[in-house]
A.B. asks: 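Could you have a look at this structure, given as structure tokens, before my questions?
Here the structure is a predicted model, which means the values were calculated and not measured. Numbers here simply count residues along the sequence, with the first being 1.
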Amino acid sequence: MANDSRRSEGPEDTKVATVDWDVLVSRVSVIANPLASKKLAKKLFKVIRKAQKRKQLRKGVREVQKFIRKGERGLAVFAGDTNPIDVIAHMPVVCEEKDIPYCYVPSKEGLGGACGSHRQTCAVMIKSHEDYKDLYDSLYDDVKSLPLPL
């Protein structure tokens, strides 16, 4: 019995631990500004899931940067808890040069999960599509109205 390392898996063992929003925000880097509110982040994750289904999503810092510099338009979302933050520190400047609205969400795990992946993602660019045009347009305006850092 002392050597028995098996555990019974009950319903409490299969639940995924969710982290409180305040804890996620406390992990965010100082330069992650403008940070999306909880409600805005939820809407962003919803449109990211829809964009992933229609292949209208760019994932990863290299891919997002490449297509922004090629002139592609969209809505950029970055993870605020990226470590080291130098990995994405240049991206807001790139977005501002091309007049692309951007914001940060607190968790790279949440951003990767919204993309339909088990891997964390630091940067995502959402492109417009007619299937979710209304939601995309409202989010585009909301993110564009967020105050930019000085």
Side-chain angles (χ1 to χ4, degrees), residues 11-150:
E12 63 274 1
D13 292 335
T14 59
K15 290 182 183 175
V16 175
T18 58
V19 181
D20 190 35
W21 180 261
D22 297 329
V23 174
L24 290 175
V25 171
S26 69
R27 296 178 186 166
V28 170
S29 175
V30 178
I31 69 165
N33 202 6
L35 185 65
S37 66
K38 186 175 184 178
K39 185 177 178 182
L40 181 59
K42 200 174 204 180
K43 287 182 181 178
L44 283 167
F45 291 156
K46 183 177 180 180
V47 79
I48 287 171
R49 282 191 294 274
K50 289 184 177 194
Q52 176 62 31
K53 288 179 184 174
R54 282 139 187 100
K55 308 292 186 208
Q56 298 295 311
L57 195 65
R58 302 290 185 195
K59 295 180 281 191
V61 178
R62 289 185 65 189
E63 189 175 352
V64 170
Q65 181 176 351
K66 178 172 77 173
F67 284 101
I68 286 176
R69 294 204 173 166
K70 283 186 176 181
E72 201 167 89
R73 305 290 302 164
L75 179 65
V77 182
F78 306 119
D81 65 345
T82 303
N83 194 12
I85 196 66
D86 299 340
V87 172
I88 60 167
H90 65 287
M91 290 303 295
V93 176
V94 173
C95 289
E96 288 172 8
E97 286 175 355
K98 299 290 186 171
D99 196 34
I100 293 175
Y102 67 92
C103 72
Y104 289 86
V105 293
S107 169
K108 58 188 171 188
E109 289 89 4
L111 194 57
C115 293
S117 172
H118 294 290
R119 288 193 69 85
Q120 303 167 350
T121 304
C122 295
V124 168
M125 188 169 76
I126 311 162
K127 299 189 299 181
S128 182
H129 192 268
E130 62 267 358
D131 289 349
Y132 52 86
K133 183 88 169 132
D134 296 334
L135 181 60
Y136 176 84
D137 289 340
S138 69
L139 283 174
Y140 190 90
D141 294 338
D142 290 346
V143 170
K144 193 131 178 114
S145 68
L146 289 173
L148 291 177
L150 297 175

A.B. asks: CG/Asp131 to CZ/Arg54 distance, rounded to the nearest 0.5 angstrom?
C.D. replies: 4.5 Å
A.B. asks: Could you pull out all donor-acceptor pairs under 3.5 Å where a side-chain atom in residues 27-53 meets a protein atom, sequence neighbours excluded?
C.D. replies:
{"from": "Ser37", "atom 1": "OG", "to": "Leu40", "atom 2": "N", "distance (Å)": "3.2"}

A.B. asks: Name all residues meeting the salt bridge (charged side-chain N to carboxylate O under 4.0 Å, His left out) criterion together with Lys133; count only those two or more places apart in sequence or in a different chain, and write none if there are none.
C.D. replies: Asp137
A.B. asks: Working to the nearest 0.5 Å, report the span between NZ of Lys144 and CG of Leu146.
C.D. replies: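 It is 11.5 Å, given to the nearest 0.5 Å.
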A.B. asks: Enumerate, atom names and distances included, each donor-acceptor pair closer than 3.5 Å involving a side-chain atom of residues 105-126, sequence neighbours excluded.
C.D. replies:
{"from": "Ser107", "atom 1": "OG", "to": "Glu109", "atom 2": "N", "distance (Å)": "3.2"}
{"from": "Ser107", "atom 1": "OG", "to": "Glu109", "atom 2": "OE1", "distance (Å)": "3.1"}
{"from": "Ser107", "atom 1": "OG", "to": "Gly110", "atom 2": "N", "distance (Å)": "3.0"}
{"from": "Glu109", "atom 1": "OE2", "to": "Gln120", "atom 2": "NE2", "distance (Å)": "2.9"}
{"from": "Ser117", "atom 1": "OG", "to": "Arg119", "atom 2": "N", "distance (Å)": "3.0"}

A.B. asks: Could you pull out every donor-acceptor pair under 3.5 Å between side chains of residues 65-73 and any protein atom, sequence neighbours left out?
C.D. replies:
{"from": "Gln65", "atom 1": "OE1", "to": "His90", "atom 2": "NE2", "distance (Å)": "2.9"}
{"from": "Glu72", "atom 1": "OE1", "to": "Arg58", "atom 2": "NE", "distance (Å)": "3.0"}
{"from": "Glu72", "atom 1": "OE2", "to": "Arg58", "atom 2": "NH2", "distance (Å)": "3.1"}
{"from": "Arg73", "atom 1": "NH1", "to": "Lys98", "atom 2": "O", "distance (Å)": "2.5"}
{"from": "Arg73", "atom 1": "NH2", "to": "Asp99", "atom 2": "O", "distance (Å)": "2.9"}

A.B. asks: Quick check: closest heavy atoms across Tyr140 and Gly74, and the distance to 0.1 Å?
C.D. replies: CE1-O, 3.8 Å
A.B. asks: What distance do Cys103 atom SG and Leu75 atom CG have between them, rounded to the nearest 0.5 Å?
C.D. replies: 6.5 Å
A.B. asks: Could you pull out all residues at least two apart from Pro92 that satisfy side-chain contact (heavy atoms from CB on, under 4.5 Å)?
C.D. replies: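 If we apply the side-chain contact (heavy atoms from CB on, under 4.5 Å) test to Pro92, skipping adjacent residues, the hits are Tyr102, Tyr104.
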A.B. asks: I need the Ile88 CD1 to Asn83 CG distance, nearest 0.5 Å.
C.D. replies: 10.5 Å
A.B. asks: Restricting to ring-ring contact (aromatic ring centres under 6.0 Å, His included), what partner residues turn up for His129, sequence neighbours left out?
C.D. replies: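 In terms of ring-ring contact (aromatic ring centres under 6.0 Å, His included), with neighbours along the sequence ignored, His129 is linked to Tyr132.
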